[in-house]
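Note that the structure is a prediction, hence the values are computed from the model and not measured.
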Amino acid sequence: MDPALLPNIYDFIAHTYPFSYLTTLEQDALAARVHISYHARGTDLRDEELTHRGIFLIRTGAVEERLEDGTLRARLSVGDLFGFTQLDLTGKSSYYVHCLENTLLYLIDRGMLHLLMDRNPSLRQFFDSHEGVRLEGSRSYLQKNSGAQFFIKPVKEFCRADVTVIAPANTLQETAQSMHRHMSDMAVVRDGSETVGIVTKSDLTYRALANALPVTTPVTEVMSRNVIAVDGNRPLYEAFELMISRNIKNLPVTLNGELYGSIDPKMLLQNSQLEAIYLIKRIARAPDVESLIALKDKRTEIFITLCNFNLEPPLISQVMTAIADSFIKRLCNLAEARLGPPPCAYAFMVAGSQARSEMQLLSDQDNAIITGRDIDATERLYFTALADFVCNNLDKCGYPLCEGHYMALTPRWCQSIETWENYYRTWIREIDDKTLLDMSVFLDLRHIAGDPYLTTRLRRLFLKEAGENRRFLSLLAGAALSVSPPLGMFRQFVLTRDGQNRSSFNIKKQGVNIVMEMARVYALSSGSEAYDTLDRLEEASARGLLDPALKRELTEAYLFITHVRLEHQKEALEAGETAGNHLEPGRLTQFERNHLRDAFRILSKAQEGMAFRFRGTF
């Protein structure tokens, strides 16, 4: 080989997955052992040209893999690999390669490949025969050299060990003085060796001073008793997740079951630009609608930052959902302040992706109101005004009105608990395709504001009715199977035309939603009360409804598909383009193309399993 070619070979290999996994020294050695060959358009590689040699990396050009009868096996282009299945064959190959264009190939010989695989588990994962194992390996690749490395460090590296500890008998004044001495925003209340509560600076302000409590009042009067802590050996992102999901501002840290320290947003975010916790706090304290609307663009900044840190998609979704929840809670508070006390108990619930805590930046609003009893015309005016205030101002805050009108604004979705219960009984017992379409949004629901008993009562009725109706589950499974992943039998993406007449596939409809809907069927079938997709898959596996190996593969597929979806939305926003769910294969990286194929194959396999389990159940 001409030594002058080595820099170009090295540069291409170093930026091509999976060889980007390798160390610089390994990439140098690999580049020096590459065999280069040129093949004119229309020529074929067969038998000994393919077998027992190594793997081929396409540097320029495009090829097709075809069986001897001419059947297309795959189309490949720059950055794609072929030949791995021929490594252990001699003589006749199981397919031939036809060059569609003038093509330059790099051959990595068999001995070098095995040497590198022995040294690198990640490279070995890439060539594994199981799609799920290959997808699992993609996660470590995504985190490599990304901001996610910051979030997988142990919590104990970021917390403060000097914890303010007080006794239950301490007064408010003594507590405040102790916190001041330690320059701390939180104190842990300990009764001997037992942690019985925590008190924060906010507790002293809003529970004590605001209510004019005497300074001699025991701290137990204002402390929070349900103490949630995080193990110091757990990754930092778990602390972040707890703070977001539970709206916790100060979090105790334990080690080996003993109190070790505490962590708060300042410590958590000191090395990053994440502002989600502070945004939620600002939303909760916004004095008026105009102040809320002014916070609208912060959502986009946080979404882009979370994506740039390559955090796991479920955590990004939880953050975006927690922000949306905060907007609704504050708007409900502002509405009641404007309209006066409600005429009866009510619950403001959310549906769809928000109910599952799986919102994205582009999610619209799906919500409803449950009243504690039937209401008269005058009382209805109150709840109509409340729904109008919340939904229309939510739209101004960046959550578009639902095009299907699945909102509390619509009179049909602002009804008494008895009416809602009749809705669900009718939907489930008299299910057909039209009814399933009508109720699809409300297959998931979660409480946000008002009386939580009403939402809990309705959800439990739904779970009971749905779990006992096999015909309903069968039709629901049919809906989950009605959309196929966008992958043809030759591992090529099956495309349609989007709104701009571009060839693309819908990664939400043909990827994310397939897993979500299958997980929901399994959850309803098992009586699971889990909200989100991954928890539902976990419970389905634990209850014997889903093979553990398939559950693991589905989880990896869901995580990767969602990652690609979020990444391309982020890139569109950064480029000033309109973000959406339609992806053009030409804009996918080689890494994304390879692993999306694996993910879609897993989805197809899972659909076959669901069809078998629920076939003929009604």
Side-chain angles (χ1 to χ4, degrees), residues 289 292 321 324-357 359 363-431 434-463 465-466 531:
V289 171
L292 285 175
T321 301
D325 289 355
S326 297
F327 272 108
I328 294 178
K329 288 175 184 176
R330 188 57 187 149
L331 286 169
C332 284
N333 291 338
L334 292 174
E336 289 188 28
R338 173 177 294 195
L339 300 172
C344 68
Y346 81 97
F348 196 101
M349 68 176 186
V350 292
S353 61
Q354 188 168 0
R356 298 188 302 276
S357 294
M359 290 189 80
S363 298
D364 62 1
Q365 52 177 295
D366 298 310
N367 50 58
I369 287 177
I370 312 169
T371 60
R373 57 169 172 78
D374 288 332
I375 52 178
D376 59 30
T378 301
E379 292 171 329
R380 177 163 290 281
L381 289 176
Y382 177 95
F383 289 109
T384 298
L386 186 146
D388 178 79
F389 182 89
V390 173
C391 293
N392 281 309
N393 284 315
L394 201 57
D395 179 43
K396 296 175 184 176
C397 291
Y399 300 94
L401 296 171
C402 175
E403 292 183 359
H405 304 288
Y406 292 103
M407 296 172 293
L409 265 178
T410 305
R412 187 183 180 192
W413 310 128
C414 180
Q415 297 291 337
S416 69
I417 181 65
E418 289 81 9
T419 299
W420 273 104
E421 288 175 334
N422 286 332
Y423 281 166
Y424 278 99
R425 289 191 186 99
T426 302
W427 284 336
I428 293 169
R429 297 175 185 179
E430 302 176 16
I431 186 71
K434 182 181 183 306
T435 305
L436 189 58
L437 180 64
D438 287 342
M439 74 168 297
S440 58
V441 171
F442 293 109
L443 287 170
D444 297 304
L445 57 149
R446 183 169 59 84
H447 182 78
I448 294 293
D451 186 352
Y453 165 74
L454 297 173
T455 312
T456 301
R457 173 177 160 180
L458 182 60
R459 189 164 187 268
R460 286 180 177 170
L461 171 92
F462 167 55
L463 292 175
E465 290 277 340
Y531 282 97

Query raised in the report: After noting the C-alpha distance and the side-chain angles of Tyr406 and Asn367, does the key distance pass the side-chain contact (heavy atoms from CB on, under 4.5 Å) rule?
Result: CA-CA 6 Å; Tyr406 292 103; Asn367 50 58; over 6 Å; no

Quick one: are [X] and [Y] in side-chain contact, heavy atoms under 4.5 Å?
X	Y	result
Pro341	Glu336	no
Ile448	Lys329	yes
Phe383	Cys344	yes
Gln415	Thr371	no
His447	Phe348	no
Tyr424	Glu465	no
Tyr399	Met359	yes
Tyr346	Ile370	no

If only atom types and distance count, is the side chain of [X] paired as donor or acceptor with the main-chain N or O of [Y] below 3.5 Å?
X	Y	value
Ser416	Thr419	yes
Tyr423	Arg412	yes
Arg446	Gln354	yes

**Report entry** Trp427-Phe462 aromatic ring centre distance below 6.0 Å
**Finding:**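 Ring-ring flag for Trp427/Phe462: false, centres at least 6.0 Å apart.
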
Requested in this report: Let me see the working for Val390 and Leu409 under side-chain contact (heavy atoms from CB on, under 4.5 Å), right down to the final yes or no.
Outcome: CA-CA 9 Å; Val390 173; Leu409 265 178; over 6 Å; no

Report task. Could you tell me whether Arg459 sits above the aromatic face of Tyr531, with NZ or CZ closer than 6.0 angstrom to the six-membered ring centre and within 45 degrees of the axis? Result ->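 Because its charged atom sits under 6.0 Å from the ring centre and within 45° of the axis, Arg459 does stack over Tyr531.
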
Query raised in the report: Are Arg425 and Glu430 ion-paired here, with the side-chain N under 4.0 Å from a carboxylate O?
Result: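 No salt bridge links Arg425 with Glu430.
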
Query raised in the report: Is Glu379 salt-bridged to Arg373, cutoff N-O under 4.0 Å?
Result: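 Yes, Glu379 and Arg373 are salt-bridged.
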
Query raised in the report: What class does the angle between the rings of Phe442 and Trp420 fall in, given that below 30° is parallel, 30 to 60° is tilted and above 60° is perpendicular?
Result: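 Ring orientation of Phe442 relative to Trp420: perpendicular.
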
Report task. Take Glu421 and Leu458 through the side-chain contact (heavy atoms from CB on, under 4.5 Å) test and state the conclusion after the steps. Result -> CA-CA 6 Å; Glu421 288 175 334; Leu458 182 60; 4.1 Å; yes

Query - Partner of Tyr382 by side-chain contact (heavy atoms from CB on, under 4.5 Å), out of Thr384, Leu386, Thr378 - result: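 Filter result, single survivor: Leu386.
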
Query raised in the report: Given Asp364 and Leu401, is the side-chain contact (heavy atoms from CB on, under 4.5 Å) satisfied, shown in steps?
Result: CA-CA 6 Å; Asp364 62 1; Leu401 296 171; over 6 Å; no

